[in-house]
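Read the structure below first, then the notes.
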Amino acid sequence: MQPVEIHEKIQNTFGADVAVFKPELIDPAIEIQPEKILEVCRFLRDDGDLKFDFLRSLSGVDLNDAFEVVYHLYSYAKRHYLVVKTRMNREEPSVDSVAGVWPTANWHERETYDLFGIDFKGHPKLTRLFMPEDWVGYPMRKDYVNPTEYHGIPCTREEGAPVTRHEVEGHPTVQQAMHEKKCPETMGFMRLNMGPHHPATHGVLNLLLETDGEILKRAVPDVGYLHRGIEKLAEDNAYIGTMPYTDRIDYLGAMFGNHAWALAVEKLAGIETPPRAEYCRIIASELNRIASHLIGTGTVSMDLGAFTPFVHWLRERETINDIMEFICGSRLTYNYMRFGGVARDIEQSTVDMILRWLDHFEPMIDEFNRLISGNEIFIKRLAHVGVISPEEAAAHGLVGPNLRASGVNFDIRRDEPYSIYPDLKFDVIVGEGFEGEVGDSFDRFYCRVLEIRESVRLVRQACEAMPAGDIQGKVKKVLKPEANEVYARVESARGEMGMYVISDGSDKPYRMKTRTGSYTAMAVMEHLSPGLLIADLVAVFGSLDIVAPEVDR
């Protein structure tokens with residue numbers, strides 16, 4: 001169903017004055033009165049013709065004279081999308097929470113409250129997500145002024161006092177810890193910290209555990225240790241100047257951040273990409289997917305005590321890093337994409353190198369499966385553990401392998417195709433209870449192993465069919481897209497990576513919001529944790545393939 005038809009359906013149900021259609025936007029939107037947003041969102045989810053079961057992104061926008069909340073919706077059942085907006089006054093911005101409609105809205109709304117100060121009425125726990133609870137102000141507002149210090153810690157680059165010491169009568173003493181309790185204690189349960197520096201947390205993040213012996217009552221994610229304000233930095237950079245920042249969103253899948261940002265700006269500015277450049281993009285992206293899945297599947301085995309398979313994967317990933325160095329000059333953070341193309345061509349000698357490595361690598365997948373995927377102990381640690389149903393996966397905003405492992409047959413490359421994916425053949429891997437039941441930790445692990453094979457197929461096809469031609473389209477030296485807004489997405493190694501970009505006609509984006517797979521995967525941990533053993537929590541966390549910078553951005 002098209003947005004204009006959905007608008008008419010909303011008006012017929014709620015009245016003509018409830019919704020305003022905005023066809024002038026590249027992605028047409030429907031603006032809803034703030035007092036009706038909860039009722040309309042529930043209708044969008046429940047109506048048999050609409051079935052919007054996936055809130056893919058929720059964004060706050062400072063319009064200077066007002067605030068706006070933007071909801072990007074998708075229906076897995078109907079395969080259609082919708083952009084919904086609501087606007088509120090600047091003095092006391094407030095709107096009803098939709099966390100009761102889509103549970104994934106919980107963290108999206110907390111982030112928007114944290115960074116914009118928008119109140120979501122009825123939210124179950126509207127507290128700051130990234131910033132400390134006593135932080136003054138809301139950093140994503142246009143009138144925000146950076147503080148000079150926080151509890152004596154300098155917030156500028158200017159020279160200041162050491163952050164861990166202060167003088168008392170001429171003698172340096174260590175400052176007292178400033179941290180408050182992150183969540184209320186539950187009587188009768190023991191509280192433990194898993195992280196922020198812990199080998200099973202895959203980055204700098206923390207899980208606050210409340211346990212009855214070895215059994216969890218809950219695990220509450222405590223994030224923000226790696227928050228770098230990439231979205232705020234984008235507002236002060238030219239469009240191309242933001243490209244290197246997108247590498248840092250997911251350091252294991254940097255090419256996907258490049259690609260999503262390139263697609264968003266190309267869509268905004270009407271830029272076309274030559275065919276050869278598209279092939280270069282897909283070769284680089286699918287090699288990066290393989291490299292990321294090697295780390296994702298290898299670390300699960302290592303977390304559960306099997307170190308050797310991870311070493312085998314590190315060896316293969318090192319070859320991919322060598323290939324990436326030939327492709328773009330970098331091994332981890334690539335900065336390879338350009339608007340309308342790529343920075344460097346892939347030479348025929350590099351293509352030959354890729355094909356030789358694929359011939360070597362495919363038998364290594366069988367060896368990995370012999371080592372760990374079919375290991376009886378490994379299977380028992382993952383099968384039937386951390387089961388997520390298809391309905392739960394959609395409601396909690398899971399994407400990519402985590403979503404497909406729960407039985408939802410959806411892949412952006414096939415179902416919302418971009419680049420040259422429609423010209424290539426590959427299978428979408430869906431969980432089927434390989435060793436336990438659909439949606440368990442083993443399915444999430446093994447879906448990634450099988451996706452590695454599909455990426456090998458894609459890289460082979462792209463290498464063999466790559467046409468001659470230019471690698472860069474025509475782009476103005478100083479890019480100033482007309483005032484408009486877009487949402488673009490790619491299928492990254494961790495699922496949907498989306499970029500919501502607003503242009504005001506200048507050479508810098510007015511607003512940039514990034515939607516990542518690890519963000520929603522981290523948010524589902526509290527829902528999954530009750531009743532797990534602590535050892536099972538390690539398995540579940542590893543199976544979700546969470547990368548901490550993707551959570552914090």
Side-chain angles (χ1 to χ4, degrees), residues 1-59 68-88 94-109 112 120-124 388-399 403-404 406-412 414-416 439 485-487 489 495-496 498 500 515 520 523-524 527:
M1 190 175 286
Q2 295 300 311
V4 65
E5 299 172 291
I6 299 171
H7 172 246
E8 292 174 0
K9 193 174 182 69
I10 292 172
Q11 285 191 321
N12 292 337
T13 304
F14 296 96
D17 58 343
V18 169
V20 177
F21 189 55
K22 294 184 172 292
E24 70 276 9
L25 301 178
I26 295 174
D27 298 322
I30 301 173
E31 185 173 313
I32 306 294
Q33 292 178 0
E35 61 272 15
K36 288 288 187 179
I37 194 69
L38 177 58
E39 195 176 352
V40 171
C41 284
R42 190 175 288 118
F43 170 75
L44 292 172
R45 181 197 65 183
D46 296 339
D47 183 83
D49 295 328
L50 303 178
K51 292 187 176 181
F52 283 104
D53 50 355
F54 176 35
L55 172 63
R56 66 194 332 170
S57 182
L58 185 154
S59 312
E68 197 171 64
V69 177
V70 183
Y71 309 79
H72 287 89
L73 309 178
Y74 188 79
S75 169
Y76 289 122
K78 300 295 183 179
R79 295 292 198 263
H80 55 201
Y81 72 93
L82 182 67
V83 182
V84 173
K85 295 168 169 262
T86 189
R87 185 175 297 203
M88 60 217 74
S94 180
V95 67
D96 286 327
S97 169
V98 296
V101 181
W102 300 288
T104 187
N106 187 318
W107 271 30
H108 286 294
E109 290 176 348
T112 306
F120 291 90
K121 295 178 291 185
H123 189 283
I388 306 173
S389 70
E391 296 75 19
E392 288 176 317
H396 285 272
L398 296 185
V399 289
L403 175 73
R404 292 188 286 273
S406 291
V408 180
N409 193 339
F410 178 81
D411 189 307
I412 292 173
R414 181 196 65 190
D415 298 307
E416 293 186 295
E485 57 189 71
V486 298
Y487 180 85
R489 69 284 165 278
E496 178 168 336
Y500 174 49
R515 183 257 189 266
T520 48
V524 83
H527 170 73

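Position 1 is the first residue of the sequence; numbering continues from there. Source: prediction; values computed, not measured.
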Can you find a pair of side-chain heavy atoms, one from [X] and one from [Y], that are under 4.5 Å apart?
| X | Y | answer |
| --- | --- | --- |
| Pro28 | Val4 | no |
| Leu55 | Leu73 | yes |
| Val98 | Glu109 | yes |
| Thr520 | His108 | yes |

Inter-residue atom distance [X].[atom1] - [Y].[atom2], 0.5 Å rounding:
| X | Y | atom1 | atom2 | result |
| --- | --- | --- | --- | --- |
| His72 | Arg56 | NE2 | CZ | 8.5 Å |
| Arg87 | Gln33 | CZ | CD | 13.5 Å |
| Ile37 | Leu44 | CD1 | CG | 8.0 Å |
| Ile30 | Leu82 | CD1 | CG | 4.5 Å |
| His396 | Asn106 | NE2 | CG | 9.5 Å |
| Glu496 | Ile412 | CD | CD1 | 4.0 Å |

Atom pairs and distances, side-chain donor-acceptor, residues 11-27, under 3.5 Å, sequence neighbours left out:
from  : atom 1 : to     : atom 2 : distance (Å)
Gln11 : NE2    : His7   : NE2    : 3.4
Gln11 : NE2    : Ala16  : O      : 3.1
Gln11 : NE2    : Ala19  : O      : 3.4
Asn12 : ND2    : Glu8   : O      : 3.1
Thr13 : OG1    : Lys9   : O      : 2.9
Asp27 : OD1    : Lys267 : NZ     : 3.1
Asp27 : OD2    : Tyr487 : N      : 2.9

Report the residues that fulfil side-chain hydrogen bond (donor to acceptor under 3.5 Å, both in side chains) with [X], sequence neighbours left out, ordered by chain and then residue number.
| X | answer |
| --- | --- |
| Tyr500 | Glu485 |
| His80 | none |
| Arg414 | Asn409 |
| Arg45 | none |

Applying side chain to side chain contact (heavy atoms under 4.5 Å, CB included), can you list everything that pairs with [X], at least two apart in sequence or on another chain?
| X | result |
| --- | --- |
| Glu5 | Met1, Gln2 |
| Pro34 | Thr86, Val95 |
| Ala393 | Ile388, Leu398, Leu403, Ser406 |

- Query: Any donor and acceptor pair, going by atom type alone, linking the side chain of Ser97 with main-chain N or O of Gly122 inside 3.5 Å?
  - Reply: no
Looking at residues at least two apart in the chain, or sitting in another chain, which of them share a ring pair (Phe, Tyr, Trp, His ring centres under 6.0 Å) with [X]?
| X | value |
| --- | --- |
| Trp102 | none |
| Phe54 | Tyr76 |
| Phe120 | none |

- Query: Between Phe410 and Glu416, does a side chain to side chain contact (heavy atoms under 4.5 Å, CB included) hold up when you go through it step by step?
  - Reply: CA-CA 9 Å; Phe410 178 81; Glu416 293 186 295; 3.9 Å; yes
- Give a yes or no on whether the ring-centroid distance for Phe52 and Tyr71 is below 6.0 angstrom. no
- Those residues at least two apart in sequence (or on a different chain) that pass salt bridge (charged side-chain N to carboxylate O under 4.0 Å, His left out) with Arg515 are none
